[in-house]
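In what follows, a single structure is set out as structure tokens and then discussed.
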Amino acid sequence: MEGQWGSSIHEQHRQIQEAMKTNPTQGIAKIKEYLGKQNNTPLNIAITGETGSGKSTFINAFRGINNSDEGAAPTGVVETTTEVEPYPHPNLPNVTLWDLPGVGTPNFPADEYLKKVGFERFDFFIIIAACRFKENDVKLALEIKRMGRKFYFLCSKIDIDMYNEERSQRNFDKQKTLKAIRDNCIKGLRGQGIEAPQVFLVSSFELHQFDFLLLQETLERELPEHKRNAFVCALPNISKEIMKKKKDAYQAQIKYHALLSSGVAAVPLPGLSVAVDLALVAGVVTQYVIGFRLDKESLKRLSDSSGVPYSELVSVMTSQLGATTITPQLIQKLLSQIPRILALIAAEEVSRFLIVIGTPVSMILSGVSTYKILKFFLDLVADDAQRVFEKVVKETTEV
Ligand code: GDP
């Protein structure tokens, strides 16, 4: 896709490969630019709906923040959003969720709404209601469409609806009931003039249930490709699929980090002829730990929301990378402690790397080492994230 970034990701990869062959210095500059864009692309998500519809609770849940945490969007039936309020993602400062006032409030009349909230800055809009979208919601959706932006309808508090339906139906069928609620909502929106409304039924208290995963897949698919990375990394770890996507996103960057590391400030590794840029590795592994929410703050938040003691979350991790500060010294210590990784680095697996990158021979050895080390640490961190996830599922679903 051509756009403000000039060329597609595929085209950028091609340009990097080309530059690495002809002019490595320029190639390195291109890689830096590419990684910077991948990891710092701003993503701004607008959440709008009437007061009480569940905007703040959804914003907090998406960011993995509890309603009572510092930095949480204030929730509760009496709170009223009267201003456009930004809520940055605690782990990724480039991702912000915005709490917008409801349409038609005195300061934000329907006809001036988009202009007043500054619609240009938002990548897409989520319009929230407790399953009954009103005239103002529809007007807003049509206006968003007219402005060339995307919108998605989110029926909040679906757990309450399901609870009520279960109590009132003799032969309660969860899937059938969900479909009936969704169909009914879509029919209502069609009747009000929205051609093909995308409606998702969500409980912010149970994001892993109902349609949140479907919403996440839809958003990921419909976002421009240069924004997908930011979106995937911002997602809460509520399913194995999400964690796999995060891992894939990080994996795709490893060859470029490895190239950057080639020859720069490298430290010889004991027992090996290669040198590795430990500071770079420490920086990238820190990204993994934060992306997989294994940093101290994220684990504390997870402990608060799940009720699983922090020490128990920490105890299931085996990598020694979670809940700590990743320094070059720690990386060096871990590398020297793990014979498996040293064997891995020493093994001749240069050809695959060479084909991917097309790099001058002088840069290869330390690049290959960094490649393998990063891949190794990524596996460790992703496995730990999986263990933490399983621990929480086990502890919170056991009766
Ligand atoms: P806002 O005014 O749109 O920001 O709405 P809030 O997020 O403050 O939510 C209003 C009330 O609905 C609060 O008491 C929330 O606890 C409750 N609420 C929000 N989302 C959900 C949900 O998914 N399920 C349930 N059961 N309650 C919710």
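Nothing fancy with the numbering, it's 1 onward along the sequence. All ligand and atom numbering here is 1-based and tracks the order in the structure.
Taking CG of Leu321 as the start and CD1 of Ile326 as the end, the distance is 4.5 Å to the nearest 0.5 Å. Taken to the nearest 0.5 Å, the CE atom of Met317 stands 10.0 Å off from the CZ atom of Arg387. Between the SG atom in Cys233 and the CZ atom in Phe292 there is a gap of 8.0 Å [rounded to 0.5 Å].
At least one N/O-N/O distance between Gly54 and ligand 1 falls below 3.5 Å. Backbone and side-chain nitrogen or oxygen atoms of Ser156 are examined, and none is located within less than 3.5 angstrom of a nitrogen or oxygen of ligand 1. Among the atoms of Gly52, some N or O lies under 3.5 angstrom from an N or O of ligand 1.
In this view, Ala234 and Phe62, His89, Leu92, Val95 satisfy the side-chain contact (heavy atoms from CB on, under 4.5 Å) rule, not counting sequence neighbours. Partners of Phe125 according to the ring pair (Phe, Tyr, Trp, His ring centres under 6.0 Å) rule, which considers only residues two or more places apart in sequence or in another chain, are Phe122.
Shown in contact with Glu50 at under 4.0 Å from a heavy atom are these atoms of ligand 1, numbered in order with element: 3 (O).
Heavy atoms of Ser53 come nearer than 4.0 angstrom to ligand 1 in at least one pair.
Residue Asp159 holds the heavy atom nearest to atom 24 (N) of ligand 1 of all those in Leu201, Asp161, Asp159. Comparing Met162, Glu85, Lys157 by heavy-atom distance to atom 21 (C) of ligand 1, the nearest is Lys157.
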